[in-house]
Amino acid sequence: MQQLQGMDASFVALETRNSPMHIGSILIYNPATAPGGFVRFKDILAFFESRLQLSKTMRQRMVRVPFDLDYPYWIEDPDFDLEYHVRHVALPAPGDWRQLCIQAARIFARPLDLDRPPWEFTVVEGLDNVEGLPKGCYAYITKVHHAAIDGMSGIDLMEATHTLTPDEPPPPGPDDWKPEKVPNPVELLGKSYFNAIANPLKQLEVAAKAAPGLAKALKGLVAKEFDVSTEMIAPKTRFNRKIGPHRVVEGVGVPLADIKAIRTAVDGAKVNDVFLTIIGGALRRYLDHHGELPKKTLTAMAPISVRSKGEKNAMGNQVAAMIAPLGTHIADPLERLAWVNNRTTNSKAMTDAMGARNMTEMSKVSPALWMSLGAQLYTRLSLANRGVGPIFTTVVTNVPGPPVPIYSAGARLESMMGLICLTDGMGLAHVVQSYTEEATIAFTADREMMGDPEFYANCIRESFEELRDAASGDAKPAKPKKTAKKHAAKPATKKRAAPNKKPSEPAKGGTHASHARSKPKAAHPLKGPTTE
């Protein structure tokens, strides 16, 4: 048995019906590269079964200690059933992107069964009407509990379910996996007793390791190597309330080369700064459209991997966090990029001074019982609606994908878009991914807070285009603002209002994907409006 770490256990403690704590993706495949140009569901099952030994995540289930007196444990599932975890559905005609994402939102909103290995892949066939893709394409809608993986260990799972060539043989050698007996409650309580005795010593050890980092941070603050300002605490928005059970997902694909070119417009800027600037511009447009743009900048929580090379295949999370102001108070895109770069450099200096690894280690000695009770009280008392919650507006996690084409059961992966969990107080989160020549900026949002995801996707697209043009010197002169009547600030409601017919909003029926490589300069949406 392997015990979960503190951060992993926090994702279990935060799990509620309205807030399932899994992450995932929508992956689209072209079977033309597979033998015979066709992939059957049983081919996918056989492919996964032949590669199970490459991933610990796929056959390990969670066992919780009675009354949550200690962190849960991972065991090798004695009742593992591959067909339970890999499902199969088909879209009715015409099989377009909107239908796929409605299905994805519904699947993603449902919690995983934590009495089984916490992952599911749903194979969705019938994608016959997605612009830029040939008929016969299919998709995986994936879900993996966040307690099992972070962004980097998620890449290991991708490696276990994909190959570098369409005809790569199964891994050599026998699969020596062995199931484990499920421990009974008495055994688990006994282990928790001894851990409770040892935990104060672990806390002292972690505190001793953290002390030099805290001293270094204080020294850096005095020497003005970085600063701590009120910019790092964001104003409350429509997304910082208690969430409901339903989701919307959407995304925009852009050429990765354009992102790298934009980065050179500001000395020292990183690719991640460019993505943060684009998202900052999109949130500015979206909230301004609804008459809800705060004067103070919004912020994002940006996870930082502290996973060492020796922990490449280990389960769980090895991440710290950095608060990144998004510059939503700045209209000029290049000025926003320079400002974001300055503030992220400051945040990174502060995180480095404290020691990102130390921050992660401190979470491992938090008492499990108090963590569980705190998470439950936060939800049951609706504290997010009372102004108690995250000090950031949203999450922006950057997950680098493969730079070369990859294949599953012989079919080529054409496009990938990330899905991410939400919690009370954080009803909007973003995943940035790269794959070959494409980068995707995708988001998951609470349906009640964002009833117009296609409009927000357009805001992302327009923010990217504005920044790209400004960086290349092709920016058009600003048009004088019309004295149009402002929208009143209203909370999102269950009933979706028809979008105003403005140039920045999609035409009726939404937009569709265009994966065609013949338009490298234009940002293109992955697909159209997505709701559940």
Side-chain angles (χ1 to χ4, degrees), residues 11-28 62 84-92 96-124 139-149 154 238-251 375-376 378-380 382 384-385 394-395 397 416-431 440 442-454 456-457 491-496 510 526-532:
F11 289 122
V12 179
L14 287 168
E15 176 100 6
T16 69
R17 174 62 187 85
N18 287 356
S19 180
M21 299 304 295
H22 50 250
I23 58 179
S25 55
I26 299 175
L27 309 173
I28 299 181
M62 191 186 306
Y84 172 85
H85 297 276
V86 185
R87 286 99 185 276
H88 184 205
V89 299
L91 296 178
D96 58 26
W97 176 254
R98 177 176 172 80
Q99 291 172 287
L100 173 63
C101 285
I102 289 173
Q103 185 67 257
R106 289 174 176 165
I107 290 172
F108 197 71
R110 293 195 293 266
L112 291 161
D113 182 355
L114 297 187
D115 289 330
R116 293 177 178 268
W119 65 276
E120 291 176 8
F121 278 27
T122 301
V123 180
V124 184
Y140 294 165
I141 300 170
T142 73
K143 300 195 303 186
V144 187
H145 203 279
H146 212 334
I149 65 170
R238 63 164 60 197
F239 305 116
N240 306 123
R241 307 196 314 265
K242 184 175 181 178
I243 63 174
H246 306 297
R247 301 288 179 266
V248 294
V249 295
E250 179 57 282
Q376 292 176 30
Y378 183 73
T379 296
R380 292 180 183 180
S382 300
N385 291 345
T394 184
V395 168
T397 180
M416 59 194 305
M417 186 179 93
L419 306 173
I420 188 170
C421 53
L422 306 177
T423 61
D424 284 340
M426 192 198 70
L428 171 67
H430 304 77
V431 179
T440 57
F443 63 89
T444 304
D446 178 272
R447 185 180 181 183
E448 312 306 323
M449 298 179 190
M450 183 181 281
D452 51 356
E454 67 278 15
Y456 183 54
T493 58
K494 290 185 179 180
K495 186 176 180 180
R496 279 183 65 182
L526 270 178
K527 321 294 171 238
T530 312
T531 60
E532 186 234 338

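What you see is a predicted model, and the numbers here were worked out from it, not measured in a lab. Sequence positions, counted from 1, serve as the residue numbers for this chain.
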* Structure fact -> In terms of heavy-atom contacts, Gly427 and Leu422 come closest through O-CD1, 3.7 Å
* Structure fact -> CG (Asp115) and CG (Leu112) are apart, to the nearest 0.5 Å, by 11.5 Å
* Side-chain (Glu250) to main-chain (Ala457) donor-acceptor, under 3.5 angstrom -> no
* Structure fact -> Output for pair (Ser19 OG, Met426 CE), nearest 0.5 Å, gives 8.0 Å
* Which atoms form the tightest heavy-atom contact between Leu428 and Ala445, and what is the distance? -> CD1-CB, 3.9 Å
* Where does the angle between the aromatic ring planes of His22 and Phe108 fall among parallel (under 30°), tilted (30 to 60°) and perpendicular (over 60°)? -> perpendicular
* Does any non-hydrogen side-chain atom of Arg247 lie less than 4.5 Å from one of Arg106? -> no
* Asked: Can you say whether the rings of Trp119 and His85 are parallel (under 30°), tilted (30 to 60°) or perpendicular (over 60°)?
  -> parallel
* Starting at CZ of Phe11, measure out to CE of Met21 and round the result to the nearest 0.5 Å. => 5.5 Å
* Going through the checks in order, is the side-chain hydrogen bond (donor to acceptor under 3.5 Å, both in side chains) test met by His430 and Thr397? -> CA-CA 6 Å; His430 304 77; Thr397 180; over 6 Å; no
* With rounding to the nearest 0.5 Å, note down the distance linking CG in Asn18 to CG in Asp424. => 7.5 Å
* Starting from the C-alpha separation in whole Å, work towards a yes-or-no answer on side-chain contact (heavy atoms from CB on, under 4.5 Å) for Ile141 and Val124. => CA-CA 7 Å; Ile141 300 170; Val124 184; 3.6 Å; yes
* Would you name the heavy atoms of Ala429 and Cys421 that are closest together and state the gap between them? => CB-O, 4.3 Å
* Asked: Under 3.5 Å, side chain of Gln99 to main-chain N/O of Asp96, donor-acceptor pair present?
  -> yes
* Donor-acceptor pair, side chain of Asp446 and main chain of Gly244, under 3.5 angstrom -> yes
* Structure fact -> When rounded to the nearest 0.5 Å, the distance separating CD1 of Ile243 from CD of Glu448 is 11.0 Å
* **Within-4.5 Å side-chain heavy-atom neighbours: Val123 and Val89** => no
* Got Val395 and Val431 here, is their nearest side-chain heavy-atom distance under 4.5 Å? -> no
* Partners meeting salt bridge (Lys or Arg N to Asp or Glu O under 4.0 Å) with Arg116 (sequence neighbours left out) -> Asp113
* For residues Arg98 and Ile102, determine if any side-chain heavy atom of one lies less than 4.5 Å from a side-chain heavy atom of the other. => yes
* Asked: With distance as the sole test, does Asn240 use its side chain to make a donor-acceptor pair with the main-chain N or O of Gly425 at under 3.5 Å?
  -> yes
* Residue pair His88 / Thr122, side-chain donor-acceptor N/O under 3.5 Å -> no
* Is there side-chain contact between His145 and Glu15, with heavy atoms separated by less than 4.5 Å? -> yes
* To do: Please answer whether the main-chain N or O of Arg110 pairs with a side-chain N or O of Lys143 as donor and acceptor at a distance below 3.5 Å.
  => yes
* **Non-hydrogen atoms of Ala442 and Met417 that approach each other most closely** => CB-CG, 3.2 Å
* Asked: Nearest heavy-atom pair of Pro245 and Arg17: which atoms, and what distance?
  -> CB-NH1, 4.5 Å
* **Under 3.5 Å: donor-acceptor pair, side chain of Thr444, backbone of Val249** => no
* Distance-minimising heavy-atom pair for Ala104 and Ile26 -> CB-CD1, 3.7 Å
* Structure fact -> side-chain contact (heavy atoms from CB on, under 4.5 Å) filter on Ser25, not counting sequence neighbours, yields Leu27, Thr142
